[in-house]
Amino acid sequence: GAVVSQHPSWVICKSGTSVKIECRSLDFQATTMFWYRQFPKQSLMLMATSNEGSKATYEQGVEKDKFLINHASLTLSTLTVTSAHPEDSSFYICSARGQGSSTDTQYFGPGTRLTVL
Amino acid sequence: GENVEQHPSTLSVQEGDSAVIKCTYSDSASNYFPWYKQELGKGPQLIIDIRSNVGEKKDQRIAVTLNKTAKHFSLHITETQPEDSAVYFCAASKGNQGGKLIFGQGTELSVKP
């Protein structure tokens with residue numbers, strides 16, 4: 001149980017285009033989903049927290065107009081990187097936190113490698 | 001805000017030896033402490049977690065200890081195997097109060113056969 005998927009697993013795009021990444025909780029309902037960014041050899045950096053049906057809360061320094069987050073259902077959240085540039089190239093990982101007694105446990109997706117040319 | 005320090009940054013052990021990774025946290029209100037294992041190119045995988053009402057938890061070769069007074073917690077892996085080689089992250093959160101995880105810097109564990 002507690003499986004989180006991400007799609008796509010990797011994407012290459014041209015500078016100036018937008019890219020959408022999907023995060024799904026496959027076998028549980030996720031009241032909260034988190035989006036992280038990770039650079040090589042570094043820890044995970046939280047970008048934003050999204051609760052189903054409400055606007056995402058962004059961490060300081062993260063541009064909300066550049067990284068659009070939608071959490072339309074209890075099993076799906078999307079991250080759209082708008083007008084991507086090479087500096088946006090990174091490993092993007094989502095996590096989901098479910099309902100029930102272990103609501104503080106986060107389960108992570110496999111990540112999406114974004115390369116912007 | 002919360003800050004989590006993790007040591008060492010790299011750890012190399014011989015197969016069969018034990019490995020210990022230590023973390024300290026700053027916010028005494030933190031009450032949930034998970035450990036994640038991340039293999040190259042993959043997402044973090046939860047391997048064990050502990051809540052503040054417990055001092056120790058064990059799952060086969062993996063154990064976690066928590067010292068609330070000193071605000072530190074440790075991951076212990078016994079009888080290490082080459083497949084234990086990965087980056088390990090500790091984290092802390094205030095549980096249901098928002099649930100944001102604050103991660104340590106990570107430890108790259110290498111188990112040599």
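Values below: all heavy atoms of this structure, side chains included; hydrogens, waters and symmetry mates excluded. Labels below follow one simple rule: chain letters A, B, ... track the order of the sequence lines, proteins then strands, and each chain is numbered from 1.
- One hydrophobic cluster, built from ILVMFWY side chains closer than 4.5 Å, cannot hold both Leu76(A) and Val81(A); they sit in different ones.
- Neither the backbone nor the side chain of Gln6(A) has a heavy atom closer than 4.5 Å to any heavy atom of chain B.
- In the hydrophobic cluster analysis, where Ile, Leu, Val, Met, Phe, Trp and Tyr join through side-chain heavy atoms closer than 4.5 angstrom, Leu75(B) is grouped together with Leu66(B).
- Donor-acceptor pairing under 3.5 Å is recorded for the side chains of Gln38(A) and Gln38(B).
- Residues of residues 39-50 of chain B lying within less than 4.5 angstrom of chain A, judged on heavy atoms, are Gly41(B), Lys42(B), Gly43(B), Pro44(B), Leu46(B), Asp49(B) in numerical order.
- Think of Leu117(A) as one node in a network of Ile, Leu, Val, Met, Phe, Trp and Tyr side chains linked at under 4.5 Å; its network also takes in Trp10(A), Ile12(A).
- At a threshold of 4.5 Å between non-hydrogen side-chain atoms, the residues Lys41(A) and Glu108(B) count as touching.
- Chosen from Ser9(A), Pro110(A), Pro40(A), the residue pairing most often with chain B at heavy-atom distances under 4.5 Å is Pro110(A).
- Listed here is the closest heavy atom pair of Ser43(A) and Gly104(B): OG-O, 2.7 Å.
- No continuous path of hydrophobic side-chain contacts links Tyr36(B) to Leu109(B) [ILVMFWY only; heavy atoms under 4.5 Å].
- For NZ of Lys20(A), the number of neighbouring non-hydrogen atoms (other residues, nucleotides, ligands) closer than 6.0 Å is 12 at most.
- Identified under the salt bridge (Lys or Arg N to Asp or Glu O under 4.0 Å) test for residues 65-85 of chain B, with sequence neighbours left out: Arg61(B)-Asp84(B).
- Considering only heavy atoms from C-beta on, Thr105(A) comes within 4.5 Å of Tyr32(B) through its side chain.
- In this structure, the ring-ring contact (aromatic ring centres under 6.0 Å, His included) partners of Tyr36(A), at least two apart in sequence or on a different chain, are Phe108(A), Phe103(B).
- Comparing Asn51(A), Val4(A), Leu44(A) by heavy-atom pairs within less than 4.5 Å of chain B, the highest count is held by Leu44(A).
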